[in-house]
Amino acid sequence: MQDFTKGLNADVGRTILIATDYTSSSARAMDWSAKNLLQDGDEVYLVHAVNEEYSVATDLEFGELSVVMAEQDMRDKLFEQAKKNAEKWKNSFLDQSLKKVKVTTVVEFGSPGPLIVSKAQILNSTMIVVGSHGKGTLSEIFLGSVSAYCLHHAKRPVIVVN
């Protein structure tokens, strides 16, 4: 079994993508990574997907311009709040990490699972770290699971922190 906690090259840090949805499961994943995974020189990307399914949908066929503008305003506010949260989580993460790492936040609209897998591919990350909400298999069948999606679709190791 390959040991992914060791750097691939002593002179070059790893690229680690940590998915966050600003919940306690994400906090556990970040805490675990800071304590058990990170090494000096690693580059960490904290990735958050603003899921458009939870923003107000626009019905152009029946909506008026003012309604569309209000919905766009709501979407913009959701995005700005997510960016503010990302910076807070980044600062908290840097405070708890005893390693010298570079941390970058990524906030984009999209479905969480596909966005995380896509970003991991684009960034050529060494691994993906996700938290688990612990909903269980039955809930995954009906509700979907970001961690399950990443495990099945990512072309790199995925660490799921419970």
Side-chain angles (χ1 to χ4, degrees), residues 1-10 12-55 77-162:
M1 182 187 303
Q2 189 172 357
D3 183 359
F4 289 102
T5 63
K6 301 296 178 201
L8 300 176
N9 180 330
V12 180
R14 301 164 300 168
T15 300
I16 300 170
L17 186 152
I18 302 176
T20 180
D21 62 0
Y22 311 132
T23 63
S24 59
S25 64
S26 291
R28 284 191 307 274
M30 289 174 58
D31 183 56
W32 182 88
S33 297
K35 291 178 181 173
N36 301 295
L37 183 65
L38 297 182
Q39 300 175 17
D40 288 338
D42 284 347
E43 187 167 7
V44 176
Y45 286 86
L46 299 178
V47 176
H48 176 75
V50 179
N51 195 337
E52 293 179 283
E53 293 175 14
Y54 298 117
S55 61
K77 286 179 181 177
L78 284 170
F79 189 78
E80 287 306 313
Q81 186 59 51
K83 285 173 49 178
K84 287 178 185 175
N85 287 344
E87 285 302 311
K88 288 179 187 174
W89 281 59
K90 172 185 173 179
N91 293 333
S92 174
F93 185 72
L94 287 169
D95 288 345
Q96 73 180 9
S97 176
L98 300 176
K99 304 295 182 180
K100 295 177 184 174
V101 297
K102 178 182 176 189
V103 180
T104 303
T105 59
V106 177
V107 177
E108 292 184 14
F109 280 107
S111 181
L115 180 69
I116 292 163
V117 170
S118 172
K119 283 294 166 195
Q121 185 72 24
I122 291 167
L123 297 168
N124 195 27
S125 67
T126 308
M127 67 194 80
I128 299 170
V129 180
V130 294
S132 173
H133 291 283
K135 292 178 182 174
T137 307
L138 188 59
S139 292
E140 287 176 13
I141 292 170
F142 295 107
L143 301 175
S145 168
V146 173
S147 56
Y149 184 93
C150 292
L151 284 167
H152 291 290
H153 294 90
K155 306 254 188 275
R156 57 213 3 91
V158 177
I159 298 171
V160 179
V161 179
N162 286 317

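Position 1 is the first residue of the sequence; numbering continues from there.
- Ile159 CD1 to Ser147 OG: the interatomic distance, rounded to the nearest 0.5 Å, is 13.0 Å.
- Distance check: Gln121 CD to Lys155 NZ gives 7.5 Å after rounding to the nearest 0.5 Å.
- Inter-residue side-chain proximity for Val50 and Gln81 is flagged as unmet; no heavy-atom pair is nearer than 4.5 Å.
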Full working for side-chain contact (heavy atoms from CB on, under 4.5 Å) between Ile128 and Lys119: CA-CA 10 Å; Ile128 299 170; Lys119 283 294 166 195; over 6 Å; no

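- Residues Arg14 and Leu37 form a side-chain contact, since some pair of their non-hydrogen atoms from C-beta on lies under 4.5 Å apart.
- The nearest pair of heavy atoms linking Pro112 to Ala49 is CA-CB, 3.6 Å.
- Closest non-hydrogen pair, Cys150 versus Gly113, comes out as SG-O, 4.4 Å.
- Checked options Thr104, Val106, Ile16, Val103; the residue passing with Leu46 is Val103 (criterion: side-chain contact (heavy atoms from CB on, under 4.5 Å)).
- Using a distance-only test at 3.5 Å, with no hydrogens or angles considered, no donor-acceptor pair links the side chain of His48 to the main chain of Val107.
- Using a 4.0 Å cut-off between a side-chain N of Lys or Arg and a carboxylate O of Asp or Glu, Lys99 and Asp40 do not qualify as a salt bridge.
- In this structure, the separation between CG on Asp42 and OG on Ser33 is 10.0 Å, given to the nearest 0.5 Å.
- Here the shortest heavy-atom pairing between Phe93 and Ala34 reads CE1-CB, 4.0 Å.
- Going from atom CD of Glu43 over to atom OG of Ser125 covers 11.0 Å, rounded to the nearest 0.5 Å.
- When all heavy atoms of His153 and Val117 are compared, the closest pair comes out as O-CG1, 3.9 Å.
- No option in Ile18, Val161, Val158 other than Val158 meets the side-chain contact (heavy atoms from CB on, under 4.5 Å) test with Val130.
- Between Lys84 and Glu87, none of the side-chain N atoms (NZ, or NE/NH1/NH2) sits under 4.0 Å from a carboxylate O, so this pair counts as no salt bridge.
- Here Asn36 contributes atom CG and Asp31 contributes atom CG; the two are 8.5 Å apart, rounded to the nearest 0.5 Å.
- Atom-to-atom distance recorded for Lys88:NZ and Thr105:OG1 is 13.5 Å, nearest 0.5 angstrom.
- The minimum heavy-atom distance linking Asn124 with Thr15 is given by the pair O-CB, 4.3 Å.
- Trp89 and Tyr22 make their closest contact through CZ2-CA, 3.2 Å (heavy atoms, listed as atom of the first residue, atom of the second, distance).
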